[in-house]
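Since the model is a prediction, treat every value here as computed from it, not as a measurement. FYI, the numbering just counts along the sequence from 1.
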Amino acid sequence: MQRLGPGGTVAPRLRVTCLLLLVAHLLTVGWLMLRPRTVPWVPAPNLEPLASISAELAHGPWEAVRELGGGLLLLAPLGVLLPLAAGRLNVSPLASLARTVFAGAMISLTVELLQTAVPGQVPDVDTVLLNTVGVALAHLAVVPGLRSRLRRREERRGGRTPRITRVGPAPQADVLSGSRTYL
């Protein structure tokens, strides 16, 4: 773990590392999902939510775990890498989850829309759902605990910036008193 930077943010070295891992992961996902495939036939795109998920469940539990687990795990690292690349520690857990899940859903939707132009790749709305759920589960499983651990580490090291206590209001004084009078 890295030390924390000023103002309750993750150290710049950790942020850069997470950003590089994020870029590497997105490039890998892009290469896996957007490369042309030569197949003898291509199924029709699935635009009905939960249709392919129920079809996979009908094939049996092991086939469903393999197929659905792949959809859950494909973008799951984004659930951890996006908040760490942002670097904020003192943020609402619900707001962090909402931002991360929204970004994961938009990335998944973008990949699915780009697949429409790639030969052999078929867009599927259930893939967007599975990827989004995977991002949310990874975020919920890792980020809150990691942030609290980093905050505790900051407090133990005394990394908080000392704050000046608030001073009460200044005593009333007539600054412009003297020779001038108003009304």
message = Determine whether L84 and R15 satisfy the following criterion, side chain to side chain contact (heavy atoms under 4.5 Å, CB included), listing intermediate values before the conclusion.
response = CA-CA 6 Å; L84 288 180; R15 289 181 71 183; over 6 Å; no

request  = Locate the shortest heavy-atom distance separating P123 from T116; write the atom from each residue and the value.
outcome  = CG-CG2, 3.6 Å

query = Are the side chain of R37 and the backbone N or O of Q121 linked by a donor-acceptor pair below 3.5 Å?
reply = no

ask   = What is the distance from atom CG of L74 to atom CG of N131, rounded to the nearest 0.5 Å?
value = 5.0 Å

inquiry  = Strictly by salt bridge (charged side-chain N to carboxylate O under 4.0 Å, His left out), give each pair with a member in residues 40-55 just once, sequence neighbours left out.
reply    = none

request  = For residues A138 and G79, report the shortest heavy-atom separation together with the two atoms involved.
outcome  = CB-CA, 4.4 Å

message = If hydrophobic clusters are built from ILVMFWY residues whose side chains come within less than 4.5 Å, do L26 and V111 share one?
response = yes

task = Please name the pair of heavy atoms, one in V42 and one in G120, separated by the smallest distance, quoted to 0.1 Å.
result = CG2-CA, 4.1 Å

ask   = Does any non-hydrogen side-chain atom of I53 lie less than 4.5 Å from one of L50?
value = yes

message = I'd like to know if the side chain of T17 and the backbone of R13 have a donor-acceptor N/O pair within less than 3.5 Å.
response = yes

inquiry  = Rounded at 0.5 Å granularity, tell me how far OG in S52 sits from CG in L68.
reply    = 7.5 Å

Residue pair L114 / V118: nearest heavy atoms and the distance that separates them = O-CG2, 3.6 Å

query = Knowing that exactly one of L72, V125, V135 qualifies, which makes a side chain to side chain contact (heavy atoms under 4.5 Å, CB included) with L130?
reply = L72

inquiry  = If you compare all heavy atoms of D126 against all heavy atoms of A51, which two are closest, and at what distance to 0.1 Å?
reply    = OD2-N, 3.1 Å

inquiry  = Has R147 got a side-chain atom pairing as donor or acceptor with R88's backbone, closer than 3.5 angstrom?
reply    = yes

key: L75 CG to I107 CD1 distance, which is reported to the nearest 0.5 Å   = 7.0 Å

task = Could you list the residues that satisfy side-chain hydrogen bond (donor to acceptor under 3.5 Å, both in side chains) with R66, not counting sequence neighbours?
result = E63

query = What is the distance from atom CG of L22 to atom CG of L81, rounded to the nearest 0.5 Å?
reply = 5.5 Å

query = Among the clusters formed by ILVMFWY side chains lying less than 4.5 Å apart, do V29 and V128 turn up in the same one?
reply = no

query = Checking S108 side chain against G104 main chain: does a donor-acceptor pair fall under 3.5 Å?
reply = no

key: ILVMFWY cluster membership beyond L140 - transitive side-chain contacts under 4.5 angstrom   = L97, V101

task = Say whether L82 and L109 are linked into one hydrophobic cluster, either directly or through other cluster members, by side-chain heavy-atom distances under 4.5 angstrom.
result = no

note = So CD of Q115 and CE of M33: to nearest 0.5 Å the spacing works out to 4.5 Å

request  = Measure the spacing between CG of L146 and NE2 of H139 and express it to the nearest 0.5 Å.
outcome  = 10.0 Å

key: Closest approach of E112 to D124 (non-hydrogen atoms, all atoms of both residues)   = OE1-N, 2.9 Å

